[in-house]
Amino acid sequence: MTSPPTARDRAKAERADSLLHEAARLFAERGYSGVSLEDIGSAVGVSGPAVYRHFAGKQALLGAVLVKVSEDLVSGGSRVAASSSGDQERMLALIGFHVDFALAHADVIRVQDRDLAHLSDEDRAEVRRLQRTYIDLWISALTPLHDAPADELRLRVQACFGLINSTPHSTRSATRSKKSTATILTAMAHAALTS
């Protein structure tokens, strides 16, 4: 039996989460090369060297940001797919999940698009593995709805991701927060998948 987390454990976890959040924001604003550990530490009220209590360095922090977002997509997408009863409902639920995710996590998408090359080999391999798992989840959902070869289904899914994930680059924060933005993206993504 494991002991419940102590106040110190909770504070440490909250600090690590804050570091991840601020690192994603700063990497999105300035790029990986334009951010120092001192910048990230300062954003959460600690010194640069204090960041080492949580992460081995800036590259490890980037890895933690991008691996976590990939894990969140796989776990969230799997949960959504499993809780949907029909084929059409499953596809629409996955689209809605990804649209909501993209609109809420614009910083991480920008970092993923620009700074993937800065990951360690191990973290890059893990991100790629998780991405393949997520794509395969979508292909499984699309297969009953669209009679097409596997390579075409993969193309449709990846093009759909491109459409949704372009939003952080092409919209302002105020636009991303409007309900109509999610509605438009959902309709466009569904059309792209099934046309």
Side-chain angles (χ1 to χ4, degrees), residues 20-21 24 27-28 32 62-195:
L20 287 172
H21 175 79
F27 292 151
Y32 177 80
L62 176 66
V65 168
L66 295 183
V67 168
K68 182 180 185 316
V69 73
S70 299
E71 289 171 343
D72 290 349
L73 283 169
V74 170
S75 63
S78 298
R79 200 169 37 254
V80 163
S83 66
S84 304
S85 55
D87 295 335
Q88 190 68 245
E89 180 189 337
R90 183 172 297 108
M91 192 77 263
L92 287 169
L94 279 170
I95 293 168
F97 165 75
H98 196 91
V99 165
D100 289 347
F101 191 93
L103 294 176
H105 297 87
D107 286 346
V108 178
I109 289 173
R110 283 196 293 270
V111 173
Q112 168 88 23
D113 289 347
R114 185 179 50 215
D115 294 318
L116 190 68
H118 295 289
L119 288 176
S120 68
D121 291 343
E122 182 180 325
D123 284 340
R124 188 179 310 107
E126 180 62 4
V127 167
R128 293 294 190 207
R129 184 190 69 75
L130 290 162
Q131 287 175 334
R132 285 191 300 274
T133 301
Y134 188 59
I135 290 167
D136 289 345
L137 175 69
W138 276 62
I139 290 171
S140 294
L142 183 57
T143 298
L145 300 174
H146 200 77
D147 184 23
D151 59 339
E152 180 183 323
L153 294 175
R154 182 171 301 278
L155 174 63
R156 286 174 179 272
V157 167
Q158 289 178 315
C160 177
F161 290 167
L163 182 153
I164 297 169
N165 291 347
S166 70
T167 309
H169 303 286
S170 60
T171 59
R172 292 184 180 358
S173 179
T175 302
R176 288 193 299 274
S177 66
K178 292 180 183 175
K179 186 174 180 180
S180 61
T181 301
T183 303
I184 291 166
L185 279 175
T186 299
M188 290 175 68
H190 187 261
L193 285 169
T194 59
S195 66

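Both backbone and side-chain heavy atoms feed into the values below; hydrogens, waters and symmetry mates do not.
- The shortest distance between side-chain heavy atoms of Leu130 and Leu73 does not fall below 4.5 Å.
- With values rounded to the nearest 0.5 angstrom, Lys179 atom NZ is found 12.5 Å from Ile184 atom CD1.
- In this structure the side chain of Leu153 never reaches within 4.5 angstrom of the side chain of Trp138, judged on heavy atoms.
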task: Kindly determine whether Asp72 and Lys68 satisfy salt bridge (charged side-chain N to carboxylate O under 4.0 Å, His left out), including the steps that lead there.
output: CA-CA 6 Å; Asp72 290 349; Lys68 182 180 185 316; 2.8 Å; yes
- request: Show the numbers, then the answer: is there a side-chain contact (heavy atoms from CB on, under 4.5 Å) between His146 and Leu193?
  value: CA-CA 8 Å; His146 200 77; Leu193 285 169; over 6 Å; no
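- His190 and Leu92 get closest at one heavy-atom pair: CD2-CD2, 3.5 Å.
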query: Would Phe101 and Val69 satisfy side-chain contact (heavy atoms from CB on, under 4.5 Å), going step by step from the backbone distance to the final call?
result: CA-CA 10 Å; Phe101 191 93; Val69 73; 3.1 Å; yes
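- For Ala102 against Asn165, the heavy-atom pair with the smallest separation is CB-OD1, 4.1 Å.
- Counting heavy atoms from C-beta outward, Val157 and Asp136 have side chains that stay 4.5 Å or more apart.
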query: Leu116 and Val127: side-chain contact (heavy atoms from CB on, under 4.5 Å), yes or no, with the steps?
result: CA-CA 9 Å; Leu116 190 68; Val127 167; 4.0 Å; yes
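- His118 and Tyr32 have parallel rings, their planes meeting at less than 30° on a 0 to 90° scale where 60° marks the start of perpendicular.
- Judged by distance alone, the side chain of Arg124 and the main-chain N or O of Ala117 form a donor-acceptor pair under 3.5 Å.
- His105 and Gln112 share no donor-acceptor pair across their side chains, judged by distance under 3.5 Å alone.
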- request: Evaluate side-chain contact (heavy atoms from CB on, under 4.5 Å) for Leu137 paired with Thr133, printing each intermediate quantity in order.
  value: CA-CA 6 Å; Leu137 175 69; Thr133 301; 5.9 Å; no
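- In this structure a side-chain-to-backbone donor-acceptor pair under 3.5 Å is missing from Arg156 to Ile139.
- Arg114 places no side-chain N or O within donor-acceptor distance of the main-chain N or O of Ile109, the cut-off being under 3.5 Å.
- Ring centroids of His98 and Tyr134 are separated by less than 6.0 Å, placing the two rings close together.
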- request: Take Arg90 and Asp87 through the test salt bridge (charged side-chain N to carboxylate O under 4.0 Å, His left out) and record every step on the way to the result.
  value: CA-CA 5 Å; Arg90 183 172 297 108; Asp87 295 335; 3.3 Å; yes
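- Note that CG of Leu185 is 10.5 Å distant from CD1 of Ile95, once rounded to the nearest 0.5 Å.
- Residues Ala28 and Val111 approach most closely at N-CG2, 3.4 Å, considering heavy atoms.
- Residues Ile164 and Ala189 come closest through the heavy atom pair CD1-CB, 3.9 Å.
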- prompt: Where do Asp151 and Arg154 land on the salt bridge (charged side-chain N to carboxylate O under 4.0 Å, His left out) test, with the steps shown first?
  reply: CA-CA 5 Å; Asp151 59 339; Arg154 182 171 301 278; over 6 Å; no
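- Checking each of Leu119, Asp121, Val67 against Glu126 for a side-chain contact (heavy atoms from CB on, under 4.5 Å) leaves exactly one that passes, namely Val67.
- A 4.5 Å side-chain heavy-atom check between Leu103 and Thr167 finds at least one atom pair inside the cut-off.
- The shortest heavy-atom contact between Ala24 and Asp107 is O-CB, 3.9 Å.
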